[in-house]
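We use all heavy atoms of the structure for the numbers below, so side chains are in, but hydrogens, waters and symmetry mates are not. Heads up: numbering here begins at 1 and tracks the sequence.
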Amino acid sequence: MSIKSIAAKIFAKKIYNKTRKWASKPVETQQKVFENLIESAQNTEFGKDHHFNEIKTFEDFQKRVPVRDYEDLKPYVEKVVKGESDILWKGKPLYFAKTSGTTSGAKYIPLTKESMPYHIEAARNAILHYVHETGKADFVDGKMIFLQGSPILTEKYGIKFGRLSGIVAHFVPKYLQKNRMPSWETNCIEDWETKVDAIVDETIKEDMSVISGIPSWVQMYFERLEKKSGGKKIGKIFKNFNLFIYGGVNYEPYRAKFENMIGRKVDSIELFPASEGFFAYQDSQKEKGMLLLLNSGIFYEFIKADEFFTENPKVYTIGEVEVGVNYVLIISTNAGLWRYNIGDTVQFTSLAPYRVIVSGRIKHYISAFGEHVIANEVENAMKEAVAETNIVINEFTVAPQITPASGLPYHEWLIEFEREPDNFDAFAEALDNSMRKQNIYYDDLITGNVLRKVVITKVSKNGFQEYMKSQGKLGGQNKIPRLSNDRNIADNLTK
């Protein structure tokens, strides 16, 4: 055992004990975060506009500050982008993380000197919790790859702009820099396909022990490694690869394909990072869900997803949530986001400690007929349908077909298969049965002959990658929505 791995175990125990202290006092921890946020922002323009000096309780806060999305907050953000100080948070942010696509184009999410350290610490602590629980630390001596966006940043008014993953690349600790791949030069390549090919060339002969990234793009990396190596399994190319770290999408739909490509099972750690904050990470290999980070400068509120679009829905704080309920996540942060709807929905799997799964996006659902199907349900259906079969899925998405050429409307599942089912009808039946078990509204629509059972449409090999490329969203942190309430993606895929 190396000195580095011994040190990792010692540090892991320290972080584990530190986490236990705040996790055992969740309400008190969130109260401290709330008070610090309000006090720190009292003299900002936003704080003055919303009378932060008069806020003493959560109820005061909720009365004075409405729930907002990016478009509502944009007038304040634009002032910060133009170089003004003390607008949303004291001073100026260190960075703006540029993310794609709202109705008015790109979003600029501030990262401050107070918020930035939590992004770095959370990723580190996720790995340390894994070390503490499993006792496995030898991987720290191998090479580690993080598939991410370009670290090239621009600067304006003393604030640097870039993608979150590119910004984070500037904060890799010195003790990891020798192990970290790809090289800085390769990481700076903008074109994703060119970049992946360069990463393959750099890594194929290295001792890779940890691989990290969004599953769909890691899959692309694996496929090109296989091709370059003449068809070798990833586990043969990288004999000491035993830890996969991912975030952004659910790994389950990819797991069978990954294990087949690797040639064995590997441990995995799930992360819940976003430009707006690092919200949770998987702290245990034995328990379902990710530990919600209650001490990281973020105050959380929750609104039940099925009540979100009603007038004055009830808002819950951490001490009031329940297991298994689908909540819209509302955050206030030390980067100056106030009662901000990030668009993600979560469900709690545990209240001691508080662990969550990401169940979907409040804007990504199907409710063309009042069924309100969410991402978690279609992913569970896919997981159940492929269980105990040899079917392997590369990618999929679901959309409603409201006006079919004939027959009743239906939900169309557009699937790129690596290995197709022997019986498509039986596979469609399994998907449909799982959906009916999970969603009573969908079941009622099938029973009442409003909808017919799911219809499967095969997508050609690399069809999803080609679609993302056509949208200018190949690679990086971009990902295919699991489902949508319109046919924009479906129609593009079936052209």
Checklist entry - Who are the ring-ring contact (aromatic ring centres under 6.0 Å, His included) partners of Y254, not counting sequence neighbours? => result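 None.
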Item to check | Verdict with reasoning, R487 to E412, per salt bridge (Lys or Arg N to Asp or Glu O under 4.0 Å) | outcome: CA-CA 10 Å; R487 292 195 53 80; E412 182 177 15; 2.8 Å; yes
Tell me if a side-chain donor or acceptor on [X] pairs with a main-chain N or O of [Y] at a distance below 3.5 Å.
{"X": "T186", "Y": "P182", "answer": "no"}
{"X": "E276", "Y": "I331", "answer": "no"}
{"X": "D432", "Y": "A428", "answer": "no"}
{"X": "S209", "Y": "F139", "answer": "yes"}
{"X": "Q30", "Y": "Y300", "answer": "yes"}
{"X": "R452", "Y": "L408", "answer": "yes"}
{"X": "R339", "Y": "V65", "answer": "yes"}
{"X": "D69", "Y": "D72", "answer": "yes"}
{"X": "S434", "Y": "L431", "answer": "no"}
{"X": "E371", "Y": "F369", "answer": "yes"}

Measure centre to centre between the rings of [X] and [Y], then say whether the value is under 6.0 Å.
{"X": "Y95", "Y": "F161", "value": "no"}
{"X": "Y327", "Y": "F308", "value": "no"}
{"X": "Y316", "Y": "F302", "value": "no"}
{"X": "F424", "Y": "F417", "value": "yes"}
{"X": "H50", "Y": "F61", "value": "no"}
{"X": "Y251", "Y": "F258", "value": "yes"}

Testing the basics here: between [X] and [Y], what is the closest heavy-atom pair and its distance to 0.1 Å?
{"X": "A169", "Y": "Q148", "value": "CB-OE1, 3.4 Å"}
{"X": "P404", "Y": "Y410", "value": "CB-CE2, 3.8 Å"}
{"X": "G289", "Y": "T349", "value": "CA-OG1, 3.7 Å"}
{"X": "L294", "Y": "P26", "value": "CD1-CB, 3.5 Å"}
{"X": "L271", "Y": "A126", "value": "CD2-CB, 3.6 Å"}
{"X": "L153", "Y": "G162", "value": "CD2-CA, 3.7 Å"}

Checklist entry - Which residues pass the side chain to side chain contact (heavy atoms under 4.5 Å, CB included) test with P481, sequence neighbours left out? => result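 Once residues adjacent in sequence are excluded, the partners of P481 under the side chain to side chain contact (heavy atoms under 4.5 Å, CB included) criterion are H364, I489.
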Item to check | Residues D201, K228; criterion salt bridge (Lys or Arg N to Asp or Glu O under 4.0 Å); working and verdict | outcome: CA-CA 8 Å; D201 290 340; K228 182 85 173 179; 3.0 Å; yes
For [X] and [Y], which I'm curious about, is there any donor-acceptor pair between the side chains at under 3.5 Å?
{"X": "H129", "Y": "Q282", "value": "no"}
{"X": "Q438", "Y": "N380", "value": "yes"}
{"X": "Q62", "Y": "E301", "value": "yes"}
{"X": "D283", "Y": "Y130", "value": "no"}
{"X": "Y221", "Y": "T203", "value": "yes"}
{"X": "S275", "Y": "R163", "value": "no"}
{"X": "N187", "Y": "K195", "value": "yes"}

Report the distance from atom [atom1] of [X] to atom [atom2] of [Y], rounding to the nearest 0.5 Å.
{"X": "F96", "Y": "I167", "atom1": "CZ", "atom2": "CD1", "result": "10.5 Å"}
{"X": "Q347", "Y": "I374", "atom1": "CD", "atom2": "CD1", "result": "5.5 Å"}
{"X": "N242", "Y": "I211", "atom1": "CG", "atom2": "CD1", "result": "10.5 Å"}
{"X": "H411", "Y": "M435", "atom1": "NE2", "atom2": "CE", "result": "7.0 Å"}
{"X": "I318", "Y": "T29", "atom1": "CD1", "atom2": "OG1", "result": "10.0 Å"}

Next on the checklist: How about NZ on K63, more than 12 heavy atoms from neighbouring residues, nucleotides or ligands closer than 6.0 Å, or not?
Outcome noted: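 It does not: K63 NZ has 12 such atoms or fewer within range.
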Next on the checklist: Regarding K437 and D443, does a basic nitrogen lie under 4.0 Å from an acidic carboxylate oxygen?
Outcome noted: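 Salt bridge: no.
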Next on the checklist: Please determine whether a side-chain nitrogen of the Lys or Arg among E259 and R264 lies less than 4.0 Å from a carboxylate oxygen of the Asp or Glu.
Outcome noted: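 No, E259 and R264 are not salt-bridged.
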Item to check | Residue pair V210, I145: steps toward the side-chain contact (heavy atoms from CB on, under 4.5 Å) verdict | outcome: CA-CA 6 Å; V210 178; I145 189 168; over 6 Å; no
Checklist entry - Would you say the side chain of M468 lies within less than 4.5 Å of the side chain of I480, judging by non-hydrogen atoms? => result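 With C-beta onward as the side chain, the pair touches.
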Item to check | Stepwise side-chain contact (heavy atoms from CB on, under 4.5 Å) test for L337 and I109 | outcome: CA-CA 9 Å; L337 302 177; I109 305 299; 4.2 Å; yes
Next on the checklist: Using the rule given for ring pair (Phe, Tyr, Trp, His ring centres under 6.0 Å), can you reason through F299 versus F58, listing the C-alpha separation, both sets of side-chain angles and the distance that settles it, and then say yes or no?
Outcome noted: CA-CA 10 Å; F299 176 66; F58 301 150; 5.0 Å; yes
Checklist entry - Do we get R482 above F396's six-membered ring, with its NZ or CZ under 6.0 Å from the centre and within 45° of the axis? => result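 Geometry flag: set, cation within 6.0 Å and 45°.
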Next on the checklist: Would K469 pass as a cation-pi partner of Y467, given that its NZ or CZ must be under 6.0 Å from the six-membered ring centre and within 45 degrees of the axis?
Outcome noted: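 No; the conditions do not both hold, so K469 does not lie above the ring face of Y467.
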Checklist entry - Run the side-chain contact (heavy atoms from CB on, under 4.5 Å) check on M181 and M208 step by step: do they pass? => result CA-CA 9 Å; M181 299 195 78; M208 305 302 302; 4.0 Å; yes
Next on the checklist: Would K304 and N326 count as a side chain to side chain donor-acceptor pair (under 3.5 Å) here? Give the steps.
Outcome noted: CA-CA 6 Å; K304 291 181 179 179; N326 203 37; over 6 Å; no
Checklist entry - Run the salt bridge (Lys or Arg N to Asp or Glu O under 4.0 Å) check on E466 and K461 step by step: do they pass? => result CA-CA 9 Å; E466 290 302 318; K461 179 71 173 175; over 6 Å; no
Next on the checklist: salt bridge (Lys or Arg N to Asp or Glu O under 4.0 Å) for E226 and K233? Distances and angles first, verdict last.
Outcome noted: CA-CA 7 Å; E226 279 189 335; K233 296 286 186 183; 5.2 Å; no
Checklist entry - In terms of the angle between their ring planes, are F278 and Y281 parallel, tilted or perpendicular, with boundaries placed at 30° and 60°? => result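 Answer is perpendicular, since the angle exceeds 60°.
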Item to check | Test side chain to side chain donor-acceptor pair (under 3.5 Å) applied to S284 and R355, step by step | outcome: CA-CA 10 Å; S284 173; R355 293 193 180 99; 4.9 Å; no
Next on the checklist: Between T310 and E307, does the side chain to side chain donor-acceptor pair (under 3.5 Å) criterion hold? Intermediate values first, please.
Outcome noted: CA-CA 5 Å; T310 63; E307 298 175 1; 5.7 Å; no
